[in-house]
Undergrad: 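Structure below; questions to follow.
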There are 2 protein chains.
Amino acid sequence: MSLHIAPSRARAQVPTATIERLPAYLHVLEHLRDAGITTVSSVDLAARSGVTSAKLRKDLSHLGSYGTRGVGYDVDFLHRSIADWLGVRQPLDVVIVGVGNLGHALAAYRGFAGGGFRIVGLIDVDPDVIGRTVACGDALITVRPLADLEFIAGRAQIGVIATPDASAQAVCDRLVAAGISLILSFAPRFLSVAPGVEVRAIDMSVELQILAFRQRQTPLSAGAVSA
Amino acid sequence: MSLHIAPSRARAQVPTATIERLPAYLHVLEHLRDAGITTVSSVDLAARSGVTSAKLRKDLSHLGSYGTRGVGYDVDFLHRSIADWLGVRQPLDVVIVGVGNLGHALAAYRGFAGGGFRIVGLIDVDPDVIGRTVACGDALITVRPLADLEFIAGRAQIGVIATPDASAQAVCDRLVAAGISLILSFAPRFLSVAPGVEVRAIDMSVELQILAFRQRQTPLSAGAVSA
DNA sequence: TAGATTGTTAATCGATTAACAATC
DNA sequence: TAGATTGTTAATCGATTAACAATC
């Protein structure tokens with residue numbers, strides 16, 4: 001990586017692969033903390049996260065030096081350090097477009113609050129759904145019509161697309177036009193967006209296909225236990 | 001990769017990264033086919049899939065030679081070839097444990113049938129939900145009690161865990177004990193399983209955190225447009 | 001001091017990319 | 001033939017791993 005551009009914020013580039021694992025560590029650390037465990041070794045934490053200890057130590061070493069040789073990591077301190085580093089402490093506002101079964105499931109999802117996210121808006125087109133109140137963590141949010149999308153999106157940083165496939169691209173375009181640059185999509189279609197907008201797409205069917213194929217290709221497990 | 005073991009089924013190992021992209025190509029090809037487009041170039045197909053054309057050609061080259069130089073790929077032939085190769089033609093049976101909002105969303109998901117999956121069972125603990133009939137694609141499936149898990153699992157190859165976090169590991173253990181070796185989990189916790197069992201976990205909160213962080217780290221887009 | 005465990009090094013492995021010869 | 005596009009090569013890049021010196 002050597003895209004020098006700009007006065008460069010020194011923070012030595014952390015590998016993508018590492019970033020994608022950090023939330024998992026965070027989650028395990030929360031479990032440990034809740035269980036009253038105060039210290040953990042890289043071997044233990046790694047096993048609970050489904051990675052090797054070498055990989056875990058390498059990952060953490062990119063963020064800094066948070067452990068004590070001969071002892072391990074302080075659960076609470078490491079958790080705070082990673083959370084700070086990821087920027088989880090400063091919650092991001094989320095708008096969900098499409099309040100069907102999936103939208104409801106997402107709204108009800110307890111993990112959001114803990115992960116530093118706050119649902120600030122729910123949008124749908126169905127007259128039967130518009131106006132209904134949905135419990136999102138502690139808050140009660142009223143479902144608003146599609147016409148209000150721009151207004152609501154203006155208050156959010158993240159847009160979640162949980163609409164049918166056919167409407168996904170249109171919704172995506174409107175979200176981007178309203179200033180959203182982070183989109184999580186559950187529609188089984190590739191969304192094209194302007195440069196600078198980050199899209200992460202989850203397609204259940206694709207996930208199942210990958211899973212099914214992996215098994216077929218490795219009939220005699222090569223270590224198994226995945227995250 | 002050189003894990004020689006066993007009489008080795010020659011089929012030259014295809015890279016994991018390639019396998020994970022194949023379902024996306026498949027999906028775009030379906031769109032093209034439905035739109036009546038019969039031929040597509042690697043540049044076009046790649047753009048619609050969110051990858052570079054070099055990567056696409058390299059990926060396809062691992063499966064075989066399905067294009068025509070100077071012309072491109074026949075949409076229908078390439079689709080059939082990839083589908084055959086992935087083994088999508090022979091549908092896999094799925095049991096979903098946990099029929100809350102997420103379970104319902106999964107059951108209603110149209111993409112499953114097209115992707116070569118068939119839902120054969122729904123399990124829940126809630127007396128209000130047990131006995132209810134849910135439309136899964138064409139089929140109507142009745143939600144059965146947790147006690148029936150082993151019976152239903154015996155008829156399935158894939159288990160989907162859509163229960164609350166607290167029950168996930170227990171359900172996972174029972175699925176594995178019942179002979180399931182492919183598990184897709186939506187519980188935000190790491191599941192430990194015996195070697196040979198493949199687990200793929202999707203945690204919405206983790207997905208959002210990765211998304212949010214990516215944006216923070218690349219303030220001036222480095223190409224953007226992701227799959 | 002002896003035992004334990006981190007943080008880092010260097011070697012290996014796998015994935016991406018650009019370029020182009022082969023060929024329609 | 002001229003133009004287009006594949007399939008493959010070789011170079012680059014990034015991620016994983018094992019081993020160990022540093023240090024509690």
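Only this structure's heavy atoms are used, side chains among them; waters, hydrogens and symmetry mates stay out. Proteins get letters first, then strands, A, B, ... in listed order; numbering begins at 1 in each.
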Undergrad: Would B:D74 and B:Y66 count as having a side-chain donor-acceptor pair, cut-off 3.5 Å?
TA: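 No - no donor-acceptor pair under 3.5 Å links their side chains.
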
Undergrad: Any idea which of C:dA15, C:dG7, D:dT16 is nearest the A:R21 side chain?
TA: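 Looking only at side-chain atoms, A:R21 lies closest to D:dT16.
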
Undergrad: Check the phosphate of D:dA4 against B:Y73, side-chain N and O only, distance under 4.0 Å to OP1 or OP2. Yes or no?
TA: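 It does not, given that no N or O in the side chain of B:Y73 lies less than 4.0 Å from OP1 or OP2 of D:dA4.
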
Undergrad: Give a yes/no on whether any side-chain N or O of B:S65 is located under 4.0 angstrom from OP1 or OP2 of D:dG7.
TA: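 Yes, such a contact exists.
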
Undergrad: So B:T18, base contact, sugar-phosphate only, or nothing? Heavy-atom distance under 4.0 Å.
TA: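 Here B:T18 touches no strand at all.
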
Undergrad: Select from A:A54 and A:G70 the residue whose nearest nucleotide in DNA chain D is closer to the 5' end of that strand.
TA: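 Taking each residue's closest nucleotide, the earlier one in sequence belongs to A:A54.
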
Undergrad: Could you check how far NZ of B:K58 sits from C1' of D:dT8, rounded to whole Å?
TA: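 Answer to the nearest Å: 7 Å.
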
Undergrad: Side chains of B:N101 and A:Y109 only: does a donor on one sit below 3.5 Å from an acceptor on the other?
TA: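 Short answer, no.
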
Undergrad: Out of D:dA19, C:dT17, D:dT8, which nucleotide sits closest to the side chain of B:R57?
TA: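 So the nucleotide nearest the side chain must be D:dT8.
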
Undergrad: Paired with C:dT12 by Watson-Crick or G-U wobble geometry, both distances under 3.5 Å: which nucleotide is it?
TA: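 Here C:dT12 is engaged in a pair, and the nucleotide opposite it is D:dA15.
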
Undergrad: Is there a Watson-Crick or G-U wobble partner for C:dA22 with both distances under 3.5 Å, and which nucleotide is it?
TA: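 Across any shown strand, C:dA22 pairs with D:dT5.
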
Undergrad: Report yes if a donor N or O on one partner sits less than 3.5 Å from an acceptor N or O on the other, where the partners are the side chain of A:R69 and the base of C:dT6; otherwise report no.
TA: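 Looking at the base of C:dT6, it does pair with a donor or acceptor on the side chain of A:R69 (distance under 3.5 Å).
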
Undergrad: Taking atom types as modelled and ignoring hydrogens, do the side chains of A:Y73 and A:D44 form a donor-acceptor contact shorter than 3.5 angstrom?
TA: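 Checked: A:Y73/A:D44 side chains show no N/O donor-acceptor pair below 3.5 Å.
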
Undergrad: So, is A:S42 near the phosphate of C:dT5, with a side-chain N or O under 4.0 Å from OP1 or OP2?
TA: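 No, because none of the side-chain N or O atoms of A:S42 sits under 4.0 Å from OP1 or OP2 of C:dT5.
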
